[in-house]
Amino acid sequence: MHFSTIDLSKKVYKIKQKAVVLHGLPLAWDLVRAGMTTSAAGPLRAATNDFISTLHDLMGDSLFDHTSSSPGSTPQLVERMRQMVEKDS
């Protein structure tokens, strides 16, 4: 599943940035939150890291801006996403 989401985000972002922001980011946030509250299995953790890294490659630091300004966002969510991106750098 994560490969198709990543591929779709890459293909669509150039022409439909708003769609990725509206639909891809909430999915990413839910995946990160799931990993923060449970001991996520290795494949889920890896897929989440790949997805967050791909979004950061596409969006740059605006990924963190969108995350921090979203309803329900927490500083812990933003920090965890930053850690995921730094880990893959």
Side-chain angles (χ1 to χ4, degrees):
M1 179 196 119
H2 81 278
F3 292 112
S4 62
T5 304
I6 289 171
D7 291 340
L8 183 62
S9 296
K10 287 179 181 177
K11 290 178 182 175
V12 170
Y13 188 75
K14 291 178 185 174
I15 56 172
K16 298 278 187 177
Q17 294 175 2
K18 188 173 180 178
V20 172
V21 170
L22 288 175
H23 302 288
L25 291 185
L27 173 61
W29 299 330
D30 287 345
L31 290 169
V32 173
R33 284 187 190 107
M36 290 170 52
T37 59
T38 64
S39 57
L44 177 60
R45 190 176 317 114
T48 303
N49 285 344
D50 289 347
F51 190 38
I52 297 299
S53 293
T54 298
L55 289 173
H56 186 260
D57 289 345
L58 294 169
M59 301 175 67
D61 286 343
S62 69
L63 170 65
F64 306 123
D65 297 337
H66 283 289
T67 301
S68 63
S69 65
S70 73
S73 177
T74 63
Q76 293 84 4
L77 176 64
V78 177
E79 181 58 28
R80 180 65 185 125
M81 291 177 73
R82 285 187 189 280
Q83 291 170 351
M84 294 168 97
V85 168
E86 290 171 4
K87 185 182 198 182
D88 283 346
S89 297

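- For D30, the salt bridge (charged side-chain N to carboxylate O under 4.0 Å, His left out) partners are R33, not counting sequence neighbours.
- Interatomic distance, T54 OG1 to L63 CG, rounded to the nearest 0.5 Å: 11.0 Å.
- In this structure, S68 and S73 approach most closely via the heavy-atom pair CA-OG, 3.7 Å.
- Residue pairs meeting the salt bridge (Lys or Arg N to Asp or Glu O under 4.0 Å) criterion with at least one member in residues 74-83: none, sequence neighbours excluded.
- Here the side chains of M59 and V21 are in contact, with some heavy-atom distance below 4.5 Å.
- For the pair M81/L55, no side-chain contact is recorded, criterion being any heavy-atom separation below 4.5 Å from C-beta on.
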Enumerate donor-acceptor pairs with a distance under 3.5 Å from any side-chain N or O in residues 9-19 to protein atoms, sequence neighbours excluded.
{"unit_1": "S9", "atom_1": "OG", "unit_2": "T5", "atom_2": "O", "d": "2.9"}

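- Here D57 contributes atom CG and I52 contributes atom CD1; the two are 11.5 Å apart, rounded to the nearest 0.5 Å.
- When atom types are taken as modelled, the side chain of S70 and the backbone of T67 share a donor-acceptor pair closer than 3.5 angstrom.
- With hydrogens and angles disregarded, no donor-acceptor distance shorter than 3.5 Å links the side chain of T48 to the backbone of V32.
- A distance-only check finds a donor-acceptor pair linking the side chain of S69 to the backbone of D65 [under 3.5 Å].
- From N49, atom CG reaches atom CZ of F51 across 12.5 Å, with rounding to the nearest 0.5 Å.
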